[in-house]
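Beneath this line is the structure, given in structure tokens, with notes to follow.
Quick note: numbers below take in every heavy atom, side chains included, and nothing from hydrogens, waters or symmetry partners.
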Amino acid sequence: MDNRLKNLYNHIAKDNIHVIFKHFSRVRKGMCSKVGDYEAIVIDKVVTSEREEMLILAEELGHLKSNSLYYIQDLQNPVQKENVMQAEARAGRCKCELLISVEDLIAVINDPFITCDYDAAEALGVDVETYLCAVRTYTQKEQLVFGKN
């Protein structure tokens with residue numbers, strides 16, 4: 001098991017978040033729920049790899065950690081579109097921070113053998129979207145300054 005996946009499960013256990021594997025009849029591969037103090041992450045049983053499981057767990061944990069929750073029906077509601085997009089952005093930033101340290105990101109960016117975003121994402125063991133989100137997040141937080149790191 002990937003160390004980051006173990007760390008996510010340790011973080012989840014420490015925060016008393018329940019993880020449930022269930023078959024979804026929809027396109028979604030994961031979701032989270034919070035009712036009072038009860039928090040749960042639900043993952044589709046059909047998840048095919050540890051990497052996919054890690055990305056889903058980090059995304060849903062990001063929603064819980066950043067308190068960026070919304071109702072599933074809001075996905076179809078044009079009035080709620082902006083709220084959903086903001087919630088996804090906050091959860092995405094939290095996800096990339098859970099999976100990629102600024103030190104690892106800097107090392108990959110400075111690696112002369114990594115020449116494109118896809119190679120950088122692969123070296124970090126994440127998808128390109130998560131890699132690019134990490135670049136934006138750490139740049140906005142001024143922890144990643146191109147030309148200085």
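For Lys34, the side-chain contact (heavy atoms from CB on, under 4.5 Å) test picks out Glu39, Leu64, Asn67, Leu69, with sequence neighbours left out. Residues satisfying the side-chain contact (heavy atoms from CB on, under 4.5 Å) test with Glu88, not counting sequence neighbours, are Glu59, His63, Tyr70, Val84. Residues satisfying the salt bridge (charged side-chain N to carboxylate O under 4.0 Å, His left out) criterion with Glu52, sequence neighbours excluded, are Lys29. Residues that satisfy the salt bridge (charged side-chain N to carboxylate O under 4.0 Å, His left out) test with Asp119, not counting sequence neighbours, are absent from this structure. Among residues two or more places apart in sequence or in another chain, the side-chain contact (heavy atoms from CB on, under 4.5 Å) test is passed with Arg136 by Leu132, Cys133. The side-chain contact (heavy atoms from CB on, under 4.5 Å) test applied to Tyr118 returns Cys116, Val128, not counting sequence neighbours.
Asp44 is not listed as a side-chain neighbour of Lys22, based on a closest heavy-atom distance of 4.5 Å or more. Contact annotation: the side chain of Arg51 approaches that of Asp127 to within less than 4.5 Å [non-hydrogen atoms, C-beta and beyond].
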Val126 vs Arg4, side-chain contact (heavy atoms from CB on, under 4.5 Å): CA-CA, chis, key distance, verdict: CA-CA 11 Å; Val126 297; Arg4 289 178 297 177; 3.7 Å; yes

Would Arg90 and Ser66 count as a side chain to side chain donor-acceptor pair (under 3.5 Å) here? Give the steps. CA-CA 6 Å; Arg90 283 191 303 273; Ser66 64; 5.1 Å; no

Please report the C-alpha distance between Glu53 and Leu8 in whole Å, then the side-chain angles of each, then the deciding distance to 0.1 Å, and finally whether the side-chain contact (heavy atoms from CB on, under 4.5 Å) criterion is met. CA-CA 10 Å; Glu53 182 179 351; Leu8 285 172; over 6 Å; no

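Taking CD of Glu122 as the reference point, atom CG of Leu124 lies at 9.5 Å (rounded to 0.5 Å). In this structure, CD1 on Ile43 lies 3.5 Å from CG on Leu57, to the nearest 0.5 angstrom. Rounding to the nearest 0.5 Å gives a distance of 8.5 Å between OH of Tyr9 and CD1 of Ile41. Residue Ile100 holds its CD1 atom at 9.0 Å from NZ of Lys95, rounded to the nearest 0.5 Å. The structure places CG of Leu98 at 6.0 Å from NE2 of His11, a figure rounded to the nearest 0.5 Å. Rounding to the nearest 0.5 Å places CE of Met31 at 13.0 Å from CD1 of Ile56.
Atom CD of Gln86 has more than 12 heavy atoms from other residues, nucleotides or ligands within 6.0 Å.
A salt bridge links Glu97 with Lys141: at least one charged nitrogen is closer than 4.0 Å to a carboxylate oxygen.
Cluster membership for Tyr38 and Val42, using ILVMFWY side-chain heavy atoms within less than 4.5 angstrom, is shared. Linking Ile, Leu, Val, Met, Phe, Trp and Tyr residues whenever their side-chain heavy atoms come within less than 4.5 Å places Ile109 and Leu99 in a single cluster.
For the residue pair Ala40 and Ile20, the shortest heavy atom distance occurs at CB-CD1, 4.2 Å. Summarising the geometry of Tyr131 relative to Ala121, their closest heavy-atom pair is CB-CB, 3.9 Å, with the distance given to 0.1 Å. When all heavy atoms of Ser101 and Asp104 are compared, the pair lying nearest together is OG-N, 3.0 Å.
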